[in-house]
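Letters A, B, ... are given to chains in the order of the sequence lines, protein chains preceding strands, and every chain is numbered from 1. Note that the structure is predicted; figures quoted are calculated from it, not measured.
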Amino acid sequence: MSEIPDKYNHNTAEERWMKLWEESGIYRWDPTRSREETFVVDTPPPTVSGSLHVGHVFSYTHQDLIVRYQRMRGKNIAFPMGWDDNGLPTERRVQNIFGIRCNPRLPYNPDWKPRRDKDDRDVEEVSRRNFIEACQLVTVEDEAAFEALWRRLGLSVDWNQTYATIDAHCRKISQLSFLDLVEKKQAYQVEAPTMWDIDFQTAVAQAEVEDRERDSFYHDIRFQVEGGGDFVISTTRPELLPACVAVAAHPDDERFKPLFGKNAITPIFQAAVPIVPAEHADPEKGTGILMICTFGDSNDVDFWKKGGLPLKQIIGLQGTLLPVEWGTAPFTTQDPAAAQKAYDELAGQHLKKARARVVEMLAEAGAGVGEPRPTKQFVKFYEKGDRPLEFVSSRQWFIRILEHKEKLLEMSRQIQWHPDHMRLRIEHWIEGLNQDWAVSRQRYFGVAFPVWYPLDAEAQPDYSRPIYADARLLPVDPLSDTPPGYSEDQRHQPNGFTGDPDVMDTWATSSMSPQIMSHWGLDAKRHNRLFPMDVRPQSHEIIRTWAFYTIVKAWMHENTIPWKHVTISGWILDPDRKKMSKSKGNVVTPGHLLEKHSSDSVRYWAARARLGTDTAFDEKVMEQGSKLRTKLFNASKFVLGVMERSGATAGGADQITHPLDLAMAANLCDLVRGSTESFDRFDYAGALAATEDFFWNFCDDYVELVKRRSYEEEDTAGRRSALAALKLGLETLLRLFGPTMPYVTEEIWSWRHPGSIHRASWPSDSEFETGGRIEHPGAYTLAVEVLKKVRMAKTEGKKNLRWPVARLEIVAGADDLKALESVLEDVLQAGAVDPAGVTLTPGEGLSVKATLADNAA
RNA sequence: GGGCGAAUAGCUCAGUUGGUUAGAGCAUCUGCUUUACACGCAGAGGGUCGGGGGUUCGAGUCCCUCUUCGCCCACCA
């Protein structure tokens with residue numbers, strides 16, 4: 001029992017409870033309880049890119065609402081927190097903050113320290129290990145900022161269960177995963193054309209690619225046909241002319257049918273290339289005949305993969321044209337000297353400059369036809385990149401997914417998606433897959449592949465005999481650790497070894513987030529108590545990556561789904577209905593919102609948005625939350641005061657016997673059932689709306705109606721019933737609001753209860769075993785209706801609500817009159833009606849006429 | 001080009017399986033110092049439920065079609 005404060009200051013109260021919750025450990029996961037008793041969340045590890053966003057607050061609140069409900073249902077909660085700190089976003093930030101760039105060939109410098117005052121320095125090159133240290137320095141700061149925000153927001157995370165995707169544990173799980181996939185023949189390495197970002201200098205996967213519309217030009221080029229004749233090709237990429245390996249037209253295209261089987265001669269380079277039929281050639285597009293180059297687009301790749309054509313690799317990893325020797329295969333030509341002379345002007349140039357020069361050459365050679373024609377085209381970009389992707393042949397690791405489409409669809413359908421239509425997104429994505437998962441990246445701050453390659457007598461790696469790390473020794477870094485059977489001095493030596501220099505796609509680690517938490521492969525007991533998990537909360541734009549890859553991994557490793565449910569939060573839109581994003585400059589930082597409105601109010605705003613629904617950022621809704629918070633505080637203070645007035649004590653539900661109280665309790669019981677059903681299907685917003693609606697009516701109508709009986713001096717049955725019902729109402733409503741407004745409900749709960757409300761049990765039917773049967777179910781509604789009529793009369797008479805009513809004439813059906821009589825005393829008192837002026841007349845419908853007294857008495 | 005979702009009061013949103021005069025909050029207007037709360041209470045005005053067809057005794061709710069917006073996907077010569 002503590003003193004009830006007069007006022008509620010959300011900032012001091014929230015700071016206080018935040019600390020108390022941590023000290024008391026009420027949100028800790030209990031590793032001794034069984035899987036059935038446990039509710040496990042696959043918390044999204046936020047990308048620690050330094051920027052905090054209201055969108056974060058929005059979606060993480062949704063998770064917490066579900067978690068807090070489950071906790072009150074008695075579940076042992078496993079709600080961890082991870083930090084996604086590896087990958088390109090971190091590398092980019094670190095490069096900018098410290099003005100550094102990674103050069104993996106440099107040796108580690110133990111004395112080097114990152115400096116933030118980079119103003120007038122040139123970009124500094126540092127070793128991979130130094131670079132990673134700089135990354136870690138930044139991410140630790142970012143993680144602290146996130147944790148502070150999460151704590152203040154009231155996320156009921158178990159802060160003992162945290163991980164960072166670059167930490168040793170995550171690297172170990174990621175490498176274990178990789179070795180398991182190698183063992184299961186699901187991971188393979190191949191030299192093949194791969195989508196390549198020339199700026200980031202890395203391969204990228206299909207899931208990270210987006211199409212962007214660009215302005216472009218068709219250039220018309222005349223090709224000669226061997227043995228006579230010519231034709232014109234329209235191309236947007238004339239710079240690929242030296243890489244042309246064939247020209248193709250549709251097999252049914254009468255214009256070109258006679259040419260199939262002959263050779264065309266490329267202008268300038270004078271290379272003879274076959275004229276072939278190809279289904280993908282569209283007679284309507286361009287001139288109906290096109291160049292096949294290695295490689296201009298994915299059609300070229302697909303066609304080339306069918307075999308029979310040489311590989312003329314002219315695009316280098318930096319996006320410049322490679323030097324080549326004309327006159328030797330595959331760069332055959334009828335005029336080696338001329339071809340070489342022309343090409344030497346292009347070698348070393350960036351693609352864009354090469355294009356311009358080729359166009360000039362074509363014009364000089366008379367092979368350019370007319371002026372370039374502007375067009376729009378969709379070009380593939382790495383989602384974080386600025387220049388178009390190129391298809392470059394390189395050695396990469398892949399994970400087999402194309403051949404498992406059916407199985408992956410089946411697994412996806414075993415999972416329940418909320419809202420359900422989000423399941424279609426992953427189904428369509430799986431159906432549309434056209435490449436295996438390219439999982440290696442030519443980057444530095446990431447998880448290394450636990451692989452080395454033996455070197456032959458010429459110190460060339462033998463990729464057909466990779467050396468895998470011993471699973472017991474993970475994590476390893478093949479660039480500094482020595483493979484089994486070798487000594488470190490054999491590194492890079494003839495007949496020695498070399499480490500795989502690549503790192504894994506960041507999703508290769510994030511896709512293991514359930515197993516990272518459960519310690520798959522390391523602690524079977526823990527794993528079985530946490531996996532498969534209950535719910536994966538996430539946003540919809542990463543269904544094709546995070547959700548998809550996690551499903552892939554769980555199936556490949558253990559032939560199971562990773563979780564039973566996926567909940568998808570919507571986006572926050574600014575008032576113009578645009579998605580909020582940093583680049584648009586319309587982001588609202590969440591810290592000051594919590595200060596200004598309180599965490600409870602910001603959570604209220606988030607809780608009103610249903611899963612999958614995009615929501616406008618609206619501080620008005622937060623203000624509405626603040627009103628609710630204040631009302632909860634004031635109403636609780638008052639109800640407790642009434643309950644405990646002059647030494648009276650409110651009893652249990654069995655004390656509830658008065659018709660009005662019985663009816664209220666029955667309505668409340670319905671509310672509890674409805675809210676429980678809503679929460680069970682992750683509809684926290686529906687539960688909140690119903691609870692809020694009930695609460696305001698409880699305050700305005702019910703509390704007013706029972707004041708008379710609760711104020712009685714004698715310990716009557718009527719008073720006992722009123723006090724017990726007030727107690728039941730207050731304690732039930734507080735718990736229903738608990739998940740949404742954890743701070744203010746905890747504050748109020750603490751006045752009269754020893755433990756946390758967040759460990760209290762969720763209201764259930766058994767709490768509504770009242771001391772009487774309901775004879776007039778409509779009594780409460782009727783009482784409210786009559787009271788409203790009385791109030792209306794006072795408002796229309798411009799009198800205050802205490803103004804006495806001289807006469808009250810009620811006409812109603814016989815049953816309603818009976819019901820009304822049972823609660824009439826409460827109604828008359830609440831309306832300040834003179835009992836002597838009341839007439840009850842049987843009749844049709846319900847009609848109420850109130851006549852105000854002349855004087856205020 | 002294909003798919004998914006959305007369109008309800010000035011604004012932000014509810015409207016369960018089709019069923020009486022379509023709801024809430026904010027905003028607007030009007031009253032009320034009422035001893036829990038003026039971040040309150042009592043009221044009022046405000047919507048042809050995007051357009052058009054159809055099914056039905058009855059449609060915001062089901063079917064078709066169109067329009068607008070958002071998102072996802074698509075082979076980009």
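- Closest to the side chain of A:N634, out of B:G43, B:C41, B:A36, is B:A36.
- Checked against side-chain contact (heavy atoms from CB on, under 4.5 Å), A:A354 has the following partners two or more places apart in sequence or in another chain: A:E239, A:L321, A:L346, A:Q349.
- Looking at heavy-atom distances under 4.0 Å, A:K794 makes no contact with the nucleic acid at all.
- Applying the side-chain contact (heavy atoms from CB on, under 4.5 Å) rule to A:T851 yields the partners A:R807, A:E809; only residues at least two apart in sequence or on another chain are considered.
- A distance below 6.0 Å separates the ring centres of A:F633 and A:W751.
- A:R212 places its CZ atom 15 Å from the P atom of B:C71, with the value rounded to the nearest Å.
- Contacts of A:Y218 classified as ring-ring contact (aromatic ring centres under 6.0 Å, His included), with partners at least two apart in sequence or in another chain: none.
- Residue A:C699 is in base contact, counting any heavy-atom pair closer than 4.0 Å across all strands shown.
- Mapping A:R610 and A:T630 onto RNA chain B via the closest heavy atom, the residue that lands nearer the 5' end is A:R610.
- Dashed line: the shortest gap from a side-chain N or O of A:Q206 to OP1 or OP2 of B:A74 is under 4.0 Å.
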Using atom names, set out every protein N or O paired with an N or O of nucleotides 22-26 of chain B below 3.5 Å, distance rounded to 0.1 Å.
residue	atom	partner	partner atom	Å
B:G25	O2'	A:Q624	OE1	2.9
B:G25	O2'	A:Q624	NE2	3.4
B:C26	OP1	A:K627	NZ	3.4

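- B:G60 and B:G15 have their C1' atoms separated by 8 Å, with the value rounded to a whole Å.
- OP1 or OP2 of B:C37 has not a single side-chain nitrogen or oxygen of A:K7 nearer than 4.0 Å.
- For the P atom pair drawn from B:U67 and B:A24, the interatomic distance equals 36 Å after rounding to whole Å.
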Dot-bracket for RNA chain B, 5' to 3', with Watson-Crick and G-U pairs under 3.5 Å, [ ] for crossing pairs and | for other-strand pairs: what is it? (((((((..((((.....[...)))).(((((.......))))).....(((((..]....))))))))))))....
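- Here A:A609 lies out of heavy-atom contact (under 4.0 Å) with every strand.
- A:F58 and A:W605 have their aromatic ring centers within a separation under 6.0 angstrom.
- Taking a 4.0 Å limit (strictly below) on heavy-atom distances, residues 676-684 of chain A does not reach RNA chain B anywhere.
- Between the C1' atoms of B:C62 and B:U55, the separation comes to 8 Å (whole Å).
- Distance CG (A:D420) to P (B:U16): 17 Å, rounded to an integer number of Å.
- Contacts of A:A635 with the nucleic acid, taken as non-hydrogen atoms under 4.0 Å apart, include base atoms.
- Residue A:F617 contributes atom CZ, which lies 13 Å from atom P of B:C13 at whole-angstrom precision.
- Of the candidates B:G3, B:C32, B:C41, B:C41 carries the atom nearest the A:L801 side chain, counting heavy atoms from C-beta on.
- When each of B:C71, B:C41, B:A42 is scored by its nearest atom to the side-chain atoms of A:W696, the top-ranked nucleotide is B:C41.
- Other residues, nucleotides and ligands contribute only 12 or fewer heavy atoms inside 6.0 Å of the NZ atom of A:K849.
- Residue-environment remark: NZ (A:K352) stays at or below the threshold of 12 foreign heavy atoms within 6.0 Å.
- Counting only distance, with no hydrogens or angles, the side chain of A:W546 and the backbone of A:W507 share no donor-acceptor pair below 3.5 Å.
- Nearer to the 5' terminus of RNA chain B, by closest-nucleotide assignment, is the contact made by A:G797 (compared with the other of A:G797 and A:Y711).
- Side-chain atoms of A:T691 come within 3.5 Å of backbone atoms of A:A687 as a donor-acceptor pair (strictly under, hydrogens ignored).
- A:D211 comes within 4.0 angstrom of a nucleotide base, judged by non-hydrogen atoms across all strands.
- With sequence neighbours excluded, the residues forming a side-chain contact (heavy atoms from CB on, under 4.5 Å) with A:E677 are A:R681, listed by chain and number.
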Identify all side-chain donor-acceptor contacts of residues 279-286 of chain A below 3.5 Å with residues at least two apart in sequence or on another chain.
residue	atom	partner	partner atom	Å
A:D282	OD1	A:E284	N	2.9

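- A:D701 has its CG atom 20 Å from the P atom of B:U34, to the nearest Å.
- Nearest to the side-chain atoms of A:T795 among the listed nucleotides B:A42, B:C13, B:A74 stands B:A42.
- When distances are taken from the side chain of A:K631 to each of B:C75, B:C37, B:C72, the shortest belongs to B:C37.
- A gap of 36 Å separates the P atoms of B:C71 and B:A59, to the nearest Å.
- Between B:A42 and B:A36, the two P atoms lie 15 Å apart (nearest whole Å).
- Distances shown here put every side-chain N or O of A:K798 at or beyond 4.0 Å from the OP1 or OP2 atom of B:G43.
- In terms of phosphate contacts, A:R791 brings a side-chain nitrogen or oxygen within less than 4.0 Å of OP1 or OP2 of B:A42.
- One interatomic measurement links the two molecules: CE of A:M422 to C1' of B:A6, which rounds to 11 Å at whole-angstrom precision.
- Ranking B:C4, B:G70, B:C75 by closeness to the A:D614 side chain, first place goes to B:G70.
- Between B:U33 and B:U28, the two C1' atoms lie 23 Å apart (nearest whole Å).
- Here A:F256 pairs with nothing under the ring-ring contact (aromatic ring centres under 6.0 Å, His included) rule; sequence neighbours left out.
- Atoms CH2 (A:W417) and C1' (B:C72) sit 13 Å apart, rounded to a whole Å.
- Out of B:U34, B:A36, B:C72, the shortest distance to the side chain of A:R425 is found at B:C72.
- With sequence neighbours excluded, the residues forming a side-chain contact (heavy atoms from CB on, under 4.5 Å) with A:S539 are A:E541, A:I542, listed by chain and number.
- For B:C57 and B:G18, the C1' atoms lie 12 Å apart once the distance is rounded to whole Å.
- Taking atom P on both nucleotides, B:G43 is separated from B:G23 by 15 Å, rounded to a whole Å.
- Every pair passing salt bridge (Lys or Arg N to Asp or Glu O under 4.0 Å) that includes a residue from residues 422-437 of chain A is listed here, sequence neighbours excluded: A:R413-A:E427, A:D420-A:R423, A:R423-A:E427.
- The nearest whole Å value for the distance from the CG atom in A:L734 to the P atom in B:A36 is 19 Å.
- Across all strands, A:W803 comes closer than 4.0 Å to no nucleic acid atom at all (heavy-atom distances).
- Separating the CG atom of A:D670 from the P atom of B:U16 is a distance of 18 Å, rounded to the nearest angstrom.
- Checked against ring-ring contact (aromatic ring centres under 6.0 Å, His included), A:F698 has the following partners two or more places apart in sequence or in another chain: A:Y702.
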